[in-house]
Every structure is written in C-alpha cells, then in structure tokens.
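The structure appears below as structure tokens.
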Amino acid sequence: MRKKLARAALAGVLCTASAGCATGTVASSASEPAKWTLVWADEFDGDRIDRSKWDFDIDCWGGGNNERQCYTDSARNASVEQGVLRIVARREDTRGPAFPPYLAAQQPDPRATAVKPFSSARMVTRGKAAWRYGKIEVRAKLPQGQGTWPAIWMLPEDNTYGGWARSGEIDILEAVNLGVECPAERGCEEGGENTILGTLHFGGGWPDNKFASTEIAYPPVLDQGFHTFGVEWGAGIFVWTVDGVPYATKRAGDWFTTASADPMAPFDQRFHLILNLAIGGGLAEGRAQGGVDESGYPKTMEVDWVRVWQCAPGNVRDEGSGTACIAGSDE
C-alpha cells in the first residue's frame, strides 16, 4: 500500500472472460479440501476485536501515498458487530502521530503530530501471527465512492532483505473508487468502476522499487455483498483468487530483490497480514473522477472472516515449500 502505484503507471492488465479471468461469483471455500490445513482464523464471532490476534497502526503519515486519513485504534473506526468486523472511515479532522514509529525515530521531532481530514483504521497481525507460504482468504464487503481505497495485504515480519521494497510486499486485494461512473477515457468501466488488483512489490529501496500487478474487471464486487479475496503462495509462485476463481499467477522470475541473488527472495520469508481502509492517495485520486468525494461518509469495509491455511504435511513434496497444494505449481 505504500510508496507505490501512485508513483508509476499501472502495470497490470484488464482481464476479460475471453482471457480466462474471473467474471462471475462462485461459492467461497467454506470447507477446504484436506490438502490444506487451517492454521489461523478470525471469524469475528465475539463482541470485540481480539487483541491477541490484532494490533493497530496509529499514525497520520498517509502511508507514503499522500493518503488523507489518520489511523486510530478507536472503536469508532474499528469494531465487531453481529459477527462482522467493521473498519469505518469518517470525515472528521483527526490529530495523531505524524509518522509511524520506525520513521518517527529518524525525525528531528519524533513526537511530532499531524492533522488529517479523515479517520480510519489499519489492523495488523504483526508481532502476533506471520506465515511463510500458505493460502490466505478474506471474505469482505468493500465500500464504494471516489477516493475510497480498501486493502487486504501483507508485509514482511522481519525485513530480512532490508527496507521497503527490498523485503517485498504482497497485495491480496486492492480496489479504488468502486462504483464511480466517469467517461471511458478516464478508465472507468460501464456501470461504474469495478476493478480489483493483486500486486507484488519488490526490487530495491524506494525509489528503485518495482512491482508486478494484475487488474481485472469484476462487476459482482458492486453488488453490495460479501466476496472472498485470496492468494495461494508457495515457493516461487503466487495465485490470486476472487470467489474461489484464480485470476492471476506470478512466478519466480517475475520478481527479485537487490539484496539477494536467490530467485525465491524476497518472498521466502514470513509475512504478516494487514486490513485497512485508506481515503485518497495517489492511486485513488489519480483515477476515475479524481480526488476525493467527501460526501456519503462514513464509509465502511466489512469483514466476515479471515482464514489462513498451510499445505498439509502429507502434500508437501519439498519440505516447507507449500507448492504441492497449489494447482499448476509444477508446470
């Protein structure tokens, strides 16, 4: 989510049915085949966020994308209600730390604050749960409107190869400006913006970072319902899915890090999960109608469940690779 698509032209391609990409809704994976073993989940069945599973990033930095929100840990911005996690962006001037802790320490005033016109939440499993390879799925309902930027993504737990993007970033799902209608020359789909993205970030430290992205039109995402966004990740392979249908594959050779000659690096380390709703920022504000429409707030990203599987031991050809459970991984 940070220091990325806002600074470069989108490299993904728009998929169509003829290209073999997902265009319809199928049943989500409520029960997984035995080849996958469930290792972590949050069904949000209680009446509050489970702090043994989740932490919060609290800052007004803007994610390196000039986003317009301050992230808080307030129940006004993140709560569990009737079995659903609700991440809520509100139009309200909000003050908080100007930088995340790892950047604040490098500033002349580490305690500097900033004010942004929106509040929201960014929930992380950092320090609580991280995985090397597996299948990650999140069933979520995405907000619509110009300037909205919901994301389900992963960052390295240990930054083994150095700072962003040398240690990589895995974007399971991003969407901007859903439902917004605008002229075709501005990149909108008929009936409203309806595309979703799956992306890897890698290469060198900013501004020498690179990315590989696939974007598809997926009209069902505008139906005001829940959809399941996922990625299957093994040694040297990623497969992105929506509602159980694969729509993109990336393999070793599609990525690299300047910190290692190993073709699996940097995606051979543990990554933690992030759920957030950003407002504005380069990717959102540079597309569709442009900028941020401040009407219609609050905006809410709802999450029904989060589930993480790993390849069952009997299916692993190469110990720890996770590839035996991924269709087409041995092609």
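For the numbers below, each heavy atom of this structure counts, side chains included, while hydrogens, waters and symmetry mates do not. We're numbering straight along the sequence, starting at 1.
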*For the atom pair NE2 (H227) and OH (Y218), what is the distance rounded to the nearest 0.5 Å?*
6.0 Å

*Would T214 and K250 satisfy side-chain hydrogen bond (donor to acceptor under 3.5 Å, both in side chains), going step by step from the backbone distance to the final call?*
CA-CA 9 Å; T214 296; K250 300 285 186 292; 2.6 Å; yes

_To the nearest 0.5 Å, what is the distance between CG on L178 and CG on N194?_
8.0 Å

*Using a cut-off of 6.0 Å, state whether more than 12 heavy atoms not belonging to K53 lie near its atom NZ.*
yes

*Does I170 share a hydrophobic cluster with M264, counting links as ILVMFWY side-chain heavy atoms below 4.5 Å and allowing steps through other members?*
no

*Same hydrophobic cluster for V39 and Y133, using side-chain heavy-atom links shorter than 4.5 Å among ILVMFWY?*
yes

*Min side-chain heavy-atom separation N77-F56 under 4.5 Å*: no

*4.5 Å side-chain heavy-atom contact, E285 and V292*: yes

*Begin with the C-alpha distance, continue with both residues' side-chain angles, and end with the deciding distance and a verdict on side-chain contact (heavy atoms from CB on, under 4.5 Å) for T258 and D208.*
CA-CA 9 Å; T258 57; D208 296 321; over 6 Å; no

*Any side-chain heavy atom of R95 sitting closer than 4.5 Å to one from V115?*
yes

*Of all the heavy-atom pairs spanning V80 and G46, show the shortest one and how long it is.*
CG1-O, 3.3 Å

*Gap between atom CG of L283 and atom CD of E67 - 0.5 Å precision*: 10.0 Å

*For the residue pair F211 and H201, does the interplanar ring angle fall in the parallel (under 30°), tilted (30 to 60°) or perpendicular (over 60°) class?*
tilted

*Any side-chain heavy-atom pair of T113 and C60 under 4.5 Å*: no

_Using modelled atom types and a 3.5 Å cut-off, is there a donor and acceptor pairing between side-chain atoms of T249 and backbone atoms of V239?_
no

*asked:* I need the F238 CZ to W233 CH2 distance, nearest 0.5 Å.
replied: 5.5 Å

_Verdict with reasoning, F202 to T257, per side-chain contact (heavy atoms from CB on, under 4.5 Å)_ = CA-CA 6 Å; F202 49 86; T257 174; 5.8 Å; no

_Side chains of T228 and E137: any donor to acceptor distance under 3.5 Å?_
no

*What pair of heavy atoms forms the shortest contact from A288 to C182, and how long is it?*
CA-SG, 3.5 Å

_Under a 4.0 Å threshold between the charged nitrogen and the carboxylate oxygen, would D59 count as salt-bridged to R122?_
no

*Does the cation-pi check pass for R307 over W309, that is, NZ or CZ under 6.0 Å from the six-membered ring centre and within 45° of its axis?*
no

*Do P156 and Q269 have side-chain heavy atoms sitting under 4.5 Å apart?*
no

_Run N177 and Q146 through side-chain contact (heavy atoms from CB on, under 4.5 Å) and show every step you take._
CA-CA 4 Å; N177 310 325; Q146 178 67 41; 3.4 Å; yes

*Between atom CD1 of I87 and atom OG of S79, what is the distance when rounded to the nearest 0.5 Å?*
9.5 Å

*asked:* Between V88 and V306, is there shared hydrophobic-cluster membership here, with clusters defined by ILVMFWY side-chain heavy atoms closer than 4.5 Å?
replied: no

*asked:* Ignoring hydrogens, what is the shortest heavy-atom contact between Q69 and I279? Give both atom names and the distance.
replied: OE1-N, 2.9 Å

*Hey, mind stepping through I152 and L273 against side-chain contact (heavy atoms from CB on, under 4.5 Å) and telling me if it holds?*
CA-CA 7 Å; I152 301 164; L273 185 64; 4.3 Å; yes

*Okay, side chain of E157, backbone of G127: is any donor-acceptor separation there less than 3.5 Å?*
yes

*How many angstroms lie between atom CH2 of W305 and atom CZ of F44, to the nearest 0.5 angstrom?*
11.0 Å

*In terms of side-chain heavy atoms, does W153 have a donor or acceptor partner in E169 at a distance below 3.5 Å?*
no

*In terms of hydrophobic clusters joined by side-chain contacts under 4.5 Å, are I136 and F271 together?*
yes

_W54 and D42: side chain donor to acceptor below 3.5 Å_ = yes

_Residues forming a salt bridge (charged side-chain N to carboxylate O under 4.0 Å, His left out) with D254, sequence neighbours excluded_ = none

*Can you name the closest pair of heavy atoms from L277 and P143 and give their distance?*
CD1-CG, 3.8 Å

*asked:* I'd like to know if V180 and L142 are part of one continuous hydrophobic network [Ile/Leu/Val/Met/Phe/Trp/Tyr, side-chain heavy atoms within less than 4.5 Å].
replied: no

*Could you check if a side-chain atom of Y71 sits within less than 4.5 angstrom of a side-chain atom of I58, using non-hydrogen atoms only?*
no

*So do Y247 and I196 actually touch side chain to side chain, heavy atoms under 4.5 Å?*
yes

*Considering all heavy atoms, the nearest W36-C325 contact*: CZ2-CB, 3.4 Å

*Going by heavy atoms in the side chains, are I172 and V138 under 4.5 Å from each other?*
no

*Determine, step by step, whether E232 and K35 satisfy the salt bridge (charged side-chain N to carboxylate O under 4.0 Å, His left out) criterion, reporting the C-alpha distance in whole Å, the side-chain angles of both residues, the deciding distance to 0.1 Å, and the verdict.*
CA-CA 13 Å; E232 297 181 9; K35 65 181 182 178; 5.9 Å; no

*asked:* How close do V231 and T241 get, counting heavy atoms only, and between which atoms?
replied: N-OG1, 4.4 Å

_Sole residue of D55, D57, D158 in salt bridge (Lys or Arg N to Asp or Glu O under 4.0 Å) with R126_ = D57

_Test item: K128 side-chain N/O and H272 main-chain N/O as donor-acceptor pair under 3.5 Å_ = no

Side-chain donor-acceptor pairs under 3.5 Å in residues 103-110, sequence neighbours left out?
| from | atom 1 | to | atom 2 | distance (Å) |
| --- | --- | --- | --- | --- |
| Q106 | NE2 | Y102 | O | 3.1 |
| Q107 | NE2 | L103 | O | 3.1 |
| D109 | OD1 | R111 | N | 3.0 |

*Could you name each residue pair satisfying side chain to side chain donor-acceptor pair (under 3.5 Å) that touches residues 290-303, not counting sequence neighbours?*
R91-E294, D293-S295

